[in-house]
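See below for the structure under consideration.
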Amino acid sequence: QYKGQIHLLEALKLMQETNKELYERIVLILIGSGEMEETLRNFVNDNNLDNHVKILGYRNDYIDYLNMADVLVHPSRANEDMPLIIMSAMSLGKPVISCNFAGIPEEVEHMKSGILLDPASPTFVEDLASSIPIAYENKEPFGRRGKEIYESEFSEEQYEKGLDEIYQSVLRQS
């Protein structure tokens, strides 16, 4: 439940009424399995979202779907540290919509590489629905900035450099 997919579906339903033009172009792909899968499927069916939502379950090839995406929406509201899926999206130049908690703000710069929402906001669903058009309108600059952040902070090269600095520091102390 903490992953927030039900709130994303509620936001999509709200967009069906408030931003029909963009809603008609959206196909939301949910990848992964969990205890909420049946609830999510029922919500999609009960709200006639089946033409716009595909629930694929667990997949090893998730990166292919992420590569095809315009925007990554990661609506987790708790129990996240620094989600790797956000780094993967940034490495591909995808804008990110996520929540402002834990390590996520260290990955995403609000309104520069994506949008950070308050997970405790009573208007979370509305905020999520209104952030999707903003991410689409800014997908090129947000994606470009996200890729820059990934390359300067989180790339394999930077990881290796950081590890080397740790080893060198330990060796100097011995």
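Residues take their numbers from the sequence shown, with the count starting at 1. Small disclaimer: the values here were computed from a predicted structure and weren't measured.
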So that I can tick it off, tell me whether Glu37 and Arg41 are bridged by a salt bridge, with the cut-off set at under 4.0 angstrom between side-chain N and carboxylate O.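 Salt bridge: yes.
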
With the threshold set at 4.0 Å, does a side-chain nitrogen-carboxylate oxygen contact exist between Glu157 and Lys161?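 Looking at Lys161 together with Glu157, the answer is no, because their closest N to O distance does not fall below 4.0 Å.
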
[X] [atom1]: over 12 foreign heavy atoms closer than 6.0 Å:
X: Asp81; atom1: CG; value: no
X: Tyr62; atom1: OH; value: no
X: Glu17; atom1: CD; value: yes
X: Glu38; atom1: CD; value: no

Hey, quick one: are Val27 and Leu92 part of the same hydrophobic cluster, counting side-chain heavy atoms closer than 4.5 Å, chains of contacts allowed?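 Per the 4.5 Å side-chain linkage, Val27 and Leu92 are co-clustered.
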
Test item: [X] side-chain N/O and [Y] main-chain N/O as donor-acceptor pair under 3.5 Å:
X: Lys94; Y: Ala69; value: yes
X: Ser131; Y: Leu128; value: yes
X: Ser76; Y: Ala78; value: no
X: Lys54; Y: Asp50; value: yes
X: Ser98; Y: His74; value: yes
X: His110; Y: Leu116; value: yes
X: Asn47; Y: Leu49; value: no
X: Ser33; Y: Tyr58; value: yes
X: Ser155; Y: Gln158; value: yes
X: Arg77; Y: Tyr2; value: no

Could you report the tightest heavy-atom contact between [X] and [Y], atom names first, then the distance?
X: Ile26; Y: His52; answer: O-ND1, 2.8 Å
X: Leu66; Y: Ala89; answer: CD2-N, 3.6 Å
X: Leu30; Y: Val53; answer: CD1-CG1, 4.4 Å
X: Pro83; Y: Ile104; answer: CD-CG1, 3.6 Å
X: Glu156; Y: Tyr150; answer: N-OH, 4.3 Å
X: Ile97; Y: Ala135; answer: CD1-CB, 3.7 Å

Where does the angle between the aromatic ring planes of His7 and Phe124 fall among parallel (under 30°), tilted (30 to 60°) and perpendicular (over 60°)?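 Ring orientation of His7 relative to Phe124: perpendicular.
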
Run the numbers on Glu148 and Arg144 for salt bridge (Lys or Arg N to Asp or Glu O under 4.0 Å), then give the verdict. CA-CA 6 Å; Glu148 289 170 2; Arg144 189 171 38 255; 5.2 Å; no

In Å and rounded to the nearest 0.5 Å, what is the CD to CE distance from Glu106 to Met87?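 The CD atom of Glu106 sits 9.0 Å away from the CE atom of Met87.
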
